[in-house]
Asker: 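I'd like to ask you about the structure that follows.
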Amino acid sequence: MDRSAPFDVFNIIPGARIMVILRNPVKRLHSAYWHFCSYSKISICNAQGFRSWVLTALQDSRAKNQRDRVAVPAVRALASCLYVDYLESWFRIFNKPKAFLVLFTEEFQQSPFETLHRIEEYYGLHHYDFRAVAKQVNGYYVLNQGSKVIREASKPKGYSKLDEDIEMKTTLEKMFRPSIKRLRDFLIAKNATSSEPVILQPLPKWLGGPK
C-alpha cells in the first residue's frame with residue numbers, strides 16, 4: 001500500500017471499491033522477513049537474523065536513501081506496518097459510501113466463509129459457495145494448488161522460532177503502540193461517522209479488541 005497510489009488509482013478507476021486486510025504488525029514484519037529470506041535465497045531464517053534485519057533499519061535513519069540490499073527492504077517493511085499513515089490517504093480519496101472496507105487477518109483466518117458471506121452481503125453480491133471448492137491445508141483454506149500455504153514446508157529453517165525472541169517482540173510491540181492507537185481511533189471514528197460501516201468484523205486483540 002503506497003501513500004501516493006490512491007491518487008493514481010482514483011484517476012484510473014474513480015468508482016473502485018477497495019478492501020484491505022490488516023494483520024498484527026509484528027506478525028506482518030515476521031512475514032516480510034521471511035519473504036526477504038526467500039527472494040534473497042538465505043537458507044537459514046532465524047530470530048537472530050530477524051533481529052539484525054530490523055535493527056539495521058531502526059539504527060540507520062538514512063537507509064531508505066541507500067541501495068543496501070538488506071537495509072532498504074527492512075525500512076520498507078517497517079513503514080508498511082504503520083497502517084494508519086496509508087489508510088488516512090486512501091480514505092481521503094475514496095470517501096464515498098462502501099468505497100473502502102477494512103478487514104482483519106485474524107478473523108478472516110478463524111471464520112473465512114462467514115467473512116466472505118459478510119462481504120457478499122455488504123456489496124450486494126450473489127452468494128458463492130466457497131466451501132464447495134475450498135480445501136484445507138496446513139490449517140488454512142485454499143482455492144487452488146498455487147497457494148503459498150501448499151508450500152508451507154519450504155519456509156527457511158528457523159522461521160517458526162521468531163516468536164521465541166520475547167525481547168524483540170516486546171520492543172516491536174512498544175514501537176508500534178502509538179501507530180496502533182492512532183489506527184484504532186481512526187477506524188472507530190470512521191465507522192461512527194460514515195453512512196456505511198468501514199469495518200465488518202470485531203477489532204482483533206492487537207487492536208484493542210476482545211481478549
Side-chain angles (χ1 to χ4, degrees), residues 1-33 35-36 54 57-58 60-66 71-112 114-126 171-210:
M1 185 181 287
D2 191 282
R3 299 183 199 186
S4 62
F7 298 95
D8 298 330
V9 174
F10 185 81
N11 286 333
I12 299 173
I13 318 174
R17 292 184 174 182
I18 300 171
M19 288 185 292
V20 59
I21 301 181
L22 305 183
R23 183 182 189 184
N24 182 323
V26 176
K27 295 287 188 182
R28 169 71 182 81
L29 201 56
H30 284 170
S31 180
Y33 174 60
H35 282 285
F36 168 74
V54 173
L58 293 178
D60 191 349
S61 61
R62 298 173 301 170
K64 61 183 178 181
N65 297 319
Q66 298 175 350
V72 172
V75 169
R76 288 175 177 169
L78 277 170
S80 70
C81 293
L82 305 176
Y83 305 133
V84 69
D85 292 344
Y86 299 90
L87 288 180
E88 286 175 340
S89 297
W90 282 85
F91 270 100
R92 194 175 300 118
I93 303 302
F94 290 92
N95 52 20
K96 293 183 179 180
K98 294 188 176 182
F100 211 100
L101 181 63
V102 177
L103 304 170
F104 304 107
T105 297
E106 294 78 10
E107 181 70 17
F108 204 172
Q109 289 178 340
Q110 183 176 342
S111 307
E114 291 78 2
T115 300
L116 289 169
H117 185 55
R118 288 181 190 174
I119 294 171
E120 290 172 334
E121 290 186 328
Y122 183 77
Y123 287 119
L125 303 174
H126 292 294
T171 297
L172 290 173
E173 288 174 345
K174 183 178 180 180
M175 182 185 72
F176 287 131
R177 196 171 296 151
S179 176
I180 289 175
K181 183 182 184 306
R182 282 180 55 214
L183 175 64
R184 174 185 169 85
D185 293 344
F186 176 77
L187 291 178
I188 290 176
K190 279 292 179 184
N191 223 40
T193 58
S194 299
S195 59
E196 296 286 348
V198 299
I199 51 176
L200 299 179
Q201 304 162 303
L203 296 179
K205 183 178 178 180
W206 63 266
L207 200 49

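The structure displayed is predicted, hence computed values, not measured ones. Heavy-atom basis, side chains included; hydrogens, waters and symmetry copies ignored.
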Asker: Answer yes or no: is there a side-chain heavy-atom contact under 4.5 Å between Phe186 and Val198?
Answerer: no
Asker: Test Phe108 against Leu116 for side-chain contact (heavy atoms from CB on, under 4.5 Å), laying out the working first.
Answerer: CA-CA 8 Å; Phe108 204 172; Leu116 289 169; 3.8 Å; yes
Asker: Judged by atom type as modelled, is there a donor-acceptor pair below 3.5 Å linking the side chain of Ser179 to the main-chain atoms of Phe176?
Answerer: no
Asker: Could you check if a side-chain atom of Ile188 sits within less than 4.5 angstrom of a side-chain atom of Arg184, using non-hydrogen atoms only?
Answerer: yes
Asker: To the nearest 0.5 Å, how far apart are CG in Leu200 and CD in Glu121?
Answerer: 9.5 Å
Asker: With a 4.5 Å cut-off on side-chain heavy atoms, are Ser31 and Arg23 touching?
Answerer: yes
Asker: Please work out which of the three classes, parallel, tilted or perpendicular, describes the rings of Phe91 and Phe100, given edges at 30° and 60°.
Answerer: tilted
Asker: Please report the closest heavy-atom contact between Pro6 and Phe94, naming both atoms and the distance.
Answerer: O-CE1, 3.7 Å
Asker: Please report the interatomic distance NZ(Lys27) to NE2(His30), rounded to the nearest 0.5 Å.
Answerer: 6.5 Å
Asker: Any chance you could measure Leu87, atom CG, to Lys190, atom NZ, to the nearest 0.5 Å?
Answerer: 10.5 Å
Asker: Mind listing the closest non-hydrogen atom pair of Asp85 and Ser89 along with its distance?
Answerer: O-OG, 3.8 Å
Asker: Which heavy atom in Phe104 sits nearest to a heavy atom in Pro202, and how many Å separate them?
Answerer: CD1-O, 3.8 Å
Asker: Should Thr171 and Val54 count as side-chain neighbours, where that means a heavy-atom distance under 4.5 Å?
Answerer: no
Asker: Can you tell me how far CG of Leu125 sits from CD1 of Ile119, rounded to the nearest 0.5 angstrom?
Answerer: 9.0 Å
Asker: Tell me whether Tyr122 contacts the main-chain N or O of Pro197 through its side chain, where contact means a donor paired with an acceptor under 3.5 Å.
Answerer: yes
Asker: Check the pair Leu183 / Leu22 against side-chain contact (heavy atoms from CB on, under 4.5 Å), numbers first and verdict last.
Answerer: CA-CA 11 Å; Leu183 175 64; Leu22 305 183; 3.9 Å; yes
Asker: Show the nearest heavy-atom pair for residues His126 and Glu120, with the distance to one decimal.
Answerer: O-OE2, 3.7 Å
Asker: Mind checking whether Asp185 and Val84 have side chains closer than 4.5 Å, heavy atoms only?
Answerer: no
Asker: Quick check: closest heavy atoms across Trp206 and Pro25, and the distance to 0.1 Å?
Answerer: CE3-CD, 3.7 Å
Asker: Identify the heavy atoms of Glu173 and Val26 that sit nearest to each other, and give their distance.
Answerer: CG-CG2, 3.9 Å
Asker: Please report the interatomic distance CD1(Ile93) to CZ(Phe7), rounded to the nearest 0.5 Å.
Answerer: 4.0 Å
Asker: Does Tyr123 reach the side chain of Met19, with side-chain heavy atoms less than 4.5 Å apart?
Answerer: yes
Asker: Indicate yes or no: at least one non-hydrogen side-chain atom of Trp90 is less than 4.5 angstrom from one of Val102.
Answerer: no
Asker: Under a 3.5 Å distance rule, please check whether Asn191 uses its side chain to pair with a backbone N or O of Leu187 as donor and acceptor.
Answerer: no
Asker: To the nearest 0.5 Å, what is the distance between CG (Leu101) and CZ (Arg118)?
Answerer: 11.0 Å
